[in-house]
Amino acid sequence: MKSPRLDLVSGAPYWPLAAGLLGVYPPLTANAECEVAVVGAGITGALVADALAESGIEVVVVDRRDVARGSTAASTALVSWELDVELGALIEQIGEEDAVLAYRASLGAVGTLERLIRKLPEDCGFTRRSSLYLASSRGDVRRLQREAELRARHGLPSEYWDRKRLAGSYSFRAQGAIRSGGSAEVDPYRLTHALLARAVGRGARVFDRTEIVREDFARGRITLKSARGPFIRARRVVMALGYEIPRPLRRDIVKLSSTYALVSEPVAEWTGWEDRCLVWESARPYHYLRTTGDGRMMIGGEDEPFRDPARRDRVLPRKIRLLSHRLAKVLPSFRAEPAFGWTGTFGSSDDGLPYIGEWSEAPGRIFALGYGGNGITFGAIAAEVVRGFCLGEPSDEARLYSLDR
Ligand SMILES: Cc1cc2nc3c(=O)[nH]c(=O)nc-3n(C[C@H](O)[C@H](O)[C@H](O)COP(=O)(O)OP(=O)(O)OC[C@H]3O[C@@H](n4cnc5c(N)ncnc54)[C@H](O)[C@@H]3O)c2cc1C
């Protein structure tokens, strides 16, 4: 079962440029044994490795790229509990009990992230933020009112704001919005490095530039063969592969597309956006906004349903212009000059939920795949689900994320 190598990111993703080289890990040059091997050193693999190492489990992490240089480098890193599929729509898909459980699990995961980041030596740009979910058109207003009522009824921290109330507090132009508490933003590149450094301090071993090309499962142990020759033997393997999953699995669970992002030069004033909340909208695909610790605006979106890297890269300059126009339209009082732009592959699932657990066709392998606009929140969920699985204490909500659902 080979994971395809995709051209995941191009252009100038902001986080690695801003932070530089944060940690250096060697490639695997000798055979290794461990209890759990984690394939993939993006934000998901790092969160999983950190949780396992904290529980005293012997972990080896490998990545074929440098640490955090897959999709994690491209992420705009809004840490939101509001899922891409609205609660009302998710209830129609999976029923009220499970949909509410999924929303509550995501809300809880932002708190889990906050707690684990507070114990790191640096804050990794983690800041709690409110969020605004803008009505993209007049036709969406009624649906958003119902969505806000539904969320509030289930104890989720959301309320509907009409156009007047919105205009009284923000410069954003929309017919109405859901305003929610409980979300956050982070620097995913710094966070991935910091988590792996902590895991190493607890005995984990990390090897990057090490590609896994074959897995053999026999007598309750997995052998992972690396392209350079050495292998890893483990009792369990966690596949935190991001969008690079084996083809039969990909066809069933994830739709890949191309997405674009832009970061502005620093902004002098935040009049009409004083709280620097996260902003997104009810259209699909959607645009979204956040700010950075050094006072820039970040806008993403303009998704296209193709993932041909050459085509994706060719249209990058035009997409950056479109993102700038979009910014000017939704925030007419702000002037933001583009500074960095990039494009990447993006994957989403039909119900907006991640895939975490064993796949019936790949025994012994636990997948941790956080798709959609909540990839980081889902990484925190994956870490707890995988930890529970490895400790023989499976969590109640794990069934929501089953690969065989
Ligand atoms: C432009 C953009 C904006 C986004 N915005 C947000 C956002 O605002 N909020 C949010 O939560 N999410 C967002 N996402 C999604 C989020 O970035 C991803 O869900 C998340 O980064 C995935 O992390 P990961 O660790 O699962 O995957 P990756 O970071 O891709 O890590 C997987 C790793 O597995 C390695 N790998 C794969 N196969 C092998 C192999 N055979 N051997 C060894 N290593 C292997 C890869 O090299 C890679 O480094 C965005 C994504 C993009 C592209």
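As the structure lists them, so they are numbered: ligands from 1, and atoms in each ligand from 1.
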**Request:** Check each atom of ligand 1 against the heavy atoms of G40 and keep those under 4.0 Å away; list them by number with element.
**Result:** 33 (C), 34 (O), 35 (C)
**Asked** Is there any N or O on G370 that sits under 3.5 Å from an N or O of ligand 1?
**Response** yes
**Request:** For ligand 1, indicate whether the residue P188 contacts it via side chain, backbone, both or neither (heavy-atom separation under 4.0 Å).
**Result:** neither
**Request:** For atom 35 (C) of ligand 1, state which one of V186, D63, L47 supplies the nearest heavy atom.
**Result:** D63
**Asked** Is S75 in polar range of ligand 1, meaning some N or O pair under 3.5 Å apart?
**Response** yes
**Asked** Should we count CZ of R209 as having more than 12 external heavy atoms under 6.0 Å?
**Response** no
**Message:** Please compare I212, D208, L6 and report which has the shortest non-hydrogen distance to atom 42 (N) of ligand 1.
**Reply:** I212
**Request:** Tell me which part of T210 gets within contact of ligand 1: side chain, backbone, both or neither, using heavy atoms under 4.0 Å.
**Result:** backbone
**Asked** Got the closest protein heavy atom to atom 10 (C) of ligand 1, with its distance?
**Response** G373 O, 3.2 Å
**Prompt:** At a 4.0 Å threshold, what atoms of ligand 1 neighbour a non-hydrogen atom of T259?
**Reply:** 1 (C), 2 (C), 53 (C)
**Request:** Check ligand 1 against S3 and write out every atom of the ligand that is under 4.0 Å from a heavy-atom position of the residue.
**Result:** 38 (N), 39 (C), 40 (C), 41 (N)
**Message:** Considering non-hydrogen atoms of the protein only, which is the closest contact for atom 45 (C) of ligand 1, and what is the distance?
**Reply:** R64 CG, 3.8 Å
**Message:** Suppose I only count heavy atoms of T345 and a 4.0 Å limit; which atoms of ligand 1 are within that range?
**Reply:** 53 (C)
**Asked** Nearest protein heavy-atom contact for atom 32 (C) of ligand 1: which residue, which atom, what distance?
**Response** A240 O, 3.3 Å
**Asked** Of the backbone atoms (N, CA, C, O) and the side-chain heavy atoms from C-beta on, which set of V213 has a member under 4.0 Å from an atom of ligand 1: side chain, backbone, both, or neither?
**Response** neither
**Fill in**
Out of Y189, Y243, F378, Y371, the nearest non-hydrogen contact to atom 15 (C) of ligand 1 is supplied by Y243
**N or O pair under 3.5 Å between L78 and ligand 1** = yes
**Asked** Can you find a non-hydrogen atom of L369 under 4.0 Å from ligand 1?
**Response** no
**Request:** Determine the interplanar angle of the Y170 and W161 rings, folded into 0 to 90°, and report it as parallel if under 30°, tilted if 30 to 60°, perpendicular if over 60°.
**Result:** tilted
**Complete:** Residue, atom and distance of the protein heavy atom nearest atom 20 (C) of ligand 1 read I43 CG2, 4.0 Å
**Prompt:** At under 4.0 Å between heavy atoms, which part of A46 makes contact with ligand 1: side chain, backbone, both or neither?
**Reply:** neither
**Fill in**
A student checking ligand 1 against R65 at a 4.0 Å heavy-atom cut-off should list atoms 46 (C), 47 (O), 48 (C)
**Request:** Could you tell me the residue and atom name of the protein heavy atom closest to atom 5 (N) of ligand 1, and the distance to it rounded to 0.1 Å?
**Result:** T76 OG1, 2.8 Å
**Request:** Would you check whether T377 has a nitrogen or oxygen atom less than 3.5 angstrom from a nitrogen or oxygen atom of ligand 1?
**Result:** no
